[in-house]
> 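Right, I'll just put the structure down here and ask away after.
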Amino acid sequence: MNTSSSQSSQSSRLSALSRRRLLALSALAGGSALAASACSGGSSSAGDPNTFEFWSFTGINQKDSVEEYKALAPDVTVKLTEVGNAQETAQGLTTALAGGKVPDLVLIQAGDMPKFMMNPGNFTDLTTLGADEIQDDYVDWVIQQVKAPSGELLGIPTDVGGMGVAYRTDLMAAAGLPTNRDEVGALWPTWDDFIATGQRYTQATGNAFIDNAATTVFLQAVSQGEEQYYSADGDVVYDTNPIVRDSFDLGLKAIAAGITAKLESFTDGWNAGMAKGAFAAVAAPSWMLGSIRSAAPDTAGKWDIAVIPGGSGNWGGSYLSIPARAANPQAAWNYVKAMQSPEQQLKHFVDSGSLPTTPVNYDKPELVDHTDPFFGNAPTGKIFTQAVLGLKPFVNGQYNTEISTELLNALNGVEGDGAPADAAWDTAVKNIKTAIGA
């Protein structure tokens, strides 16, 4: 990936690191330049209804879901392979689609789906297996992301990453700020208010308010747009859409305000900073709560969760898909239908915090009344589902990951490496054009 001559090696390093770190856990940032490969379409015969091969990525306890399914269907053999992180799994699938042996079922991160959907013939149209009967069970904008222009349904969503802001109540109190989640959320109805709150915190304590501007401000603000990097017609509009530019400028504003700890998300420094209170607040999708617990186990009970500025947002999510050349598509579909039903998705949330993509669950007591003691007994189900319901359908285009990565890299360059802020947007646009040719 080319960068400006003055920062070529540094920006390349940032690009590679950001892509590797963010894509492992996000859907909107990072990613590899996967080339979706064409192969013969059409699903194979039903094959063995009691055996299937399943490729997943690591770090999400997929083994637990497989064991749960085996308890429901003891005669079925599931050959689970955790290929690597999300990026490595997608790369392995790309190679297999080009002519190798494909799995019967594969978990694909939402950020990678657009590239695979460039060749819908590589995958089984799930409506041919019965998905037409259940596709209305899922959040509309989520299921629309995996419908090909010609009508094929290429995946079933496993989860979404509804947004909130996780914050340290003890650190907020030390700054003289409210700690009650409703009062905290009222501090920042807008992103400008959020930055202003950060300034109050930093002035009172001399410490950083948030981890970084790229993911906690820019990435969340831009995700709230009904039109983001692509228009409704599928045209690339990242450089002309005012939502993208305004969100980028909010990131720059947060950096200039001096409220960030300059810690890139999911790095060792970020984990260490979480544990020692290097920042008081972080944009947190539902799945990140596990990351916070893991990085800072001694902070249990010191956190709470407030609504995100703007009230809505999503970061993350995955889909289960069946390649067209799968040997045992019916066995794979039986697993998908069973394990991604509304009942099972609700159970997944209660057990692990994975936010359901099935709106019928959003008023169930098990979700609405669910609280998390690590996060001050915050009603996580209610907070995160409200964030998801506030979103509108948007086009997740072929180069979303490349575009997002370069915008994030430009902000990280300003924040962490002192790159000139007034050149950051032009640098990002230049690098995006180099990366995607548009």
> Could you tell me whether the side chain of T95 and the main chain of Q91 form a donor-acceptor pair under 3.5 Å?
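Yes.
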> Is the closest side-chain donor-acceptor distance between N361 and T358 under 3.5 Å?
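Judged by distance alone, the side chains do pair up.
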> Near K382 NZ, under 6.0 Å, is it more than 12 heavy atoms from other residues, nucleotides or ligands?
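No, not enclosed.
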> Looking at D351 and K347, is any side-chain nitrogen of the basic one under 4.0 Å from a carboxylate oxygen of the acidic one?
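So K347 pairs with D351 through a salt bridge.
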> Please determine whether a side-chain nitrogen of the Lys or Arg among D249 and K253 lies less than 4.0 Å from a carboxylate oxygen of the Asp or Glu.
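So D249 does not pair with K253 through a salt bridge.
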> Mark yes or no for whether D304, through its side chain, and A378, through its backbone, hold a donor-acceptor pair below 3.5 Å.
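No; judged by distance alone, with no hydrogens or angles, the pair does not exist.
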> Please determine, by modelled atom types, if Q345 and T357 share a side-chain donor-acceptor pair under 3.5 angstrom.
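The criterion, which ignores hydrogens and geometry beyond distance, is satisfied for T357 and Q345.
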> Check whether the ring centres of F209 and Y201 lie less than 6.0 Å apart, and answer yes or no.
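Yes, the ring centres sit under 6.0 Å apart.
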> Under 3.5 Å, is there a donor on one side chain and an acceptor on the other for D211 and T216?
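Result is yes, a qualifying pair exists.
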> Between E402 and K115, does any NZ, NE, NH1 or NH2 come within less than 4.0 Å of an OD or OE carboxylate oxygen?
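E402 and K115: salt-bridged.
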> Are a donor atom and an acceptor atom from the side chains of N212 and S265 found within less than 3.5 Å of each other?
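Side-chain D/A pair, N212 to S265: present.
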> So, D233 versus S231: side-chain donor-acceptor pair below 3.5 Å or not?
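Their side chains do not contain a donor-acceptor pair, so the 3.5 Å distance test is not met.
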> Do the ring planes of Y69 and Y335 sit parallel (below 30°), tilted (30 to 60°) or perpendicular (above 60°)?
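Y69 and Y335: perpendicular rings.
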> Would you mind reporting whether Y238 and I432 have side-chain heavy atoms less than 4.5 Å apart?
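Yes, at least one pair of side-chain atoms sits under 4.5 Å.
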> Taking atom types as modelled, is there a side-chain donor on E415 or T260 under 3.5 Å from an acceptor on the other?
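Yes, side-chain donor-acceptor contact under 3.5 Å.
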> Would T434 and N431 satisfy side chain to side chain donor-acceptor pair (under 3.5 Å), going step by step from the backbone distance to the final call?
CA-CA 5 Å; T434 299; N431 292 341; 5.1 Å; no
> Show the nearest heavy-atom pair for residues L154 and M117, with the distance to one decimal.
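Closest approach of L154 to M117, heavy atoms only: CD1-CG, 3.8 Å.
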> How many angstroms lie between atom CZ of F279 and atom CZ of R168, to the nearest 0.5 angstrom?
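One finds 9.5 Å between CZ of F279 and CZ of R168.
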> Determine the interplanar angle of the W287 and F266 rings, folded into 0 to 90°, and report it as parallel if under 30°, tilted if 30 to 60°, perpendicular if over 60°.
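Judged by the thresholds at 30° and 60°, the geometry between W287 and F266 is tilted.
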> State plainly whether the residues D239 and K433 are in salt-bridge range, i.e. N to O under 4.0 Å.
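Yes, charged N to carboxylate O under 4.0 Å.
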> If you take all heavy atoms of N314 and M163, which pair is closest and at what distance?
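Looking at all heavy atoms of both residues, the closest pair is N-CG, 3.6 Å.
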> Can you tell me if Q109 and Q87 form a side-chain donor-acceptor pair at under 3.5 Å?
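No pair is found: no donor N or O on one side chain lies under 3.5 Å from an acceptor on the other.
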> Short question: side chain of T299, backbone of A296 - any donor-acceptor pair under 3.5 Å?
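Here the side-chain-to-backbone pair exists.
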> For W333, which of I156, L105, T124 qualifies under side chain to side chain contact (heavy atoms under 4.5 Å, CB included)?
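It is I156, the one option of I156, L105, T124 that forms the side chain to side chain contact (heavy atoms under 4.5 Å, CB included) with W333.
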> Any donor-acceptor pair under 3.5 Å linking the side-chain atoms of E226 with those of W141?
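Side chains of W141 and E226: no pair found under 3.5 Å.
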> Quick one: are the ring centres of Y230 and Y399 less than 6.0 Å apart?
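Between Y399 and Y230, which both carry aromatic rings, the centre distance is not below 6.0 Å.
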> Look only at the side chain of Q224 and the backbone of S312, and say whether a donor-acceptor pair between them is shorter than 3.5 Å.
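Yes: the side chain of Q224 pairs with the backbone of S312.
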